[in-house]
Amino acid sequence: MWQLRKTAHPVLTDDGGAILDERTGRWTQLTQTSSAAVMLLLAGGTKEDAARQYAARYGIDAGQAANDVAEVAGALTERGLATGATVPRRSRWGWGR
C-alpha cells in the first residue's frame, strides 16, 4: 500500500500543493494534477482505483492515468517522502538487491 511517511506533511488542494519533509525542512511543490494523484492515492484504495478516478477526473485513457499516478508515486518514494510505490526485488535467499 502506498502512503506518505510519518515525517512527510502534505498540504493538498485542487489547485496544487506541497509536501514538507520534516527530516530536511524542504518542501516539494506539486502541480494541480500531481496533487490530485496524491489525494487519490491517500484515499485508501489501490493504485488502480486511484488511476481509474484520475482518468475520469481528467478525461484521459486508463493507461495514461496509470502511468501518471505511478510516476507521481514513484517520484515521491524516490525522494523519501512515501513508501510502497515499488516492491524491491529479492534473490532466492531473501536478500534485497
Side-chain angles (χ1 to χ4, degrees):
M1 178 175 158
W2 189 89
Q3 60 187 8
L4 291 175
R5 292 191 183 274
K6 290 183 181 185
T7 57
H9 305 282
V11 178
L12 305 171
T13 71
D14 288 335
D15 296 325
I19 300 174
L20 173 63
D21 184 344
E22 174 181 291
R23 297 170 301 152
T24 64
R26 292 191 176 148
W27 288 90
T28 297
Q29 299 295 319
L30 302 173
T31 64
Q32 178 182 6
T33 53
S34 56
S35 181
V38 172
M39 284 191 278
L40 292 169
L41 285 163
L42 292 175
T46 65
K47 281 190 221 173
E48 292 78 19
D49 293 336
R52 273 192 298 279
Q53 293 172 8
Y54 188 88
R57 180 177 190 156
Y58 291 104
I60 60 176
D61 69 73
Q64 181 64 52
N67 287 338
D68 290 355
V69 170
E71 187 174 329
V72 170
L76 293 176
T77 300
E78 211 172 272
R79 289 180 184 225
L81 296 171
T83 61
T86 58
V87 177
R89 290 181 51 189
R90 302 218 178 233
S91 72
R92 66 180 221 200
W93 302 106
W95 298 94
R97 290 188 195 189

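What's counted below: heavy atoms across the whole structure, side chains too, no hydrogens, waters or symmetry copies.
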Engineer: For R57, what residues pass the side-chain hydrogen bond (donor to acceptor under 3.5 Å, both in side chains) criterion, not counting sequence neighbours?
Structural biologist: D14
Engineer: Quick one: are T28 and R79 in side-chain contact, heavy atoms under 4.5 Å?
Structural biologist: yes
Engineer: As a test of understanding, state which of T13, I19, V72 forms a side chain to side chain contact (heavy atoms under 4.5 Å, CB included) with L30.
Structural biologist: I19
Engineer: Partners of Q32 by side-chain hydrogen bond (donor to acceptor under 3.5 Å, both in side chains), sequence neighbours excluded?
Structural biologist: none
Engineer: Mind checking what makes salt bridge (charged side-chain N to carboxylate O under 4.0 Å, His left out) contact with D15, not counting sequence neighbours?
Structural biologist: none
Engineer: Could you check whether any side-chain heavy atom of T83 comes within less than 4.5 Å of a side-chain heavy atom of Q3, counting everything from C-beta outward?
Structural biologist: yes
Engineer: Got a sec, which residues hit side-chain hydrogen bond (donor to acceptor under 3.5 Å, both in side chains) with Q64, two or more places apart in sequence or on another chain?
Structural biologist: D68
Engineer: Nearest 0.5 Å, please: how far is CZ in R23 from NZ in K6?
Structural biologist: 14.0 Å
Engineer: What are the two closest heavy atoms between A55 and A65, and how far apart are they?
Structural biologist: CB-CB, 3.6 Å
Engineer: Can you name the closest pair of heavy atoms from T7 and H9 and give their distance?
Structural biologist: O-CD2, 3.7 Å
Engineer: Nearest 0.5 Å, what's the CH2-CG distance between W27 and L20?
Structural biologist: 4.5 Å
Engineer: Please report the shortest heavy-atom distance between L12 and A18, naming the atom on each side.
Structural biologist: CD2-O, 4.4 Å
Engineer: List the atom of L4, the atom of P10, and the distance in Å for their closest heavy-atom pair.
Structural biologist: CD1-CG, 3.7 Å
Engineer: Does any part of the side chain of W2, heavy atoms only, come nearer than 4.5 Å to the side chain of L76, both counted from C-beta?
Structural biologist: yes
Engineer: Would you name the heavy atoms of A36 and Y58 that are closest together and state the gap between them?
Structural biologist: CB-OH, 3.4 Å
Engineer: Report the residues that fulfil side-chain hydrogen bond (donor to acceptor under 3.5 Å, both in side chains) with T31, sequence neighbours left out, ordered by chain and then residue number.
Structural biologist: T33, S34
Engineer: Under the side-chain contact (heavy atoms from CB on, under 4.5 Å) test, which residues partner D49, sequence neighbours left out?
Structural biologist: T46, R52
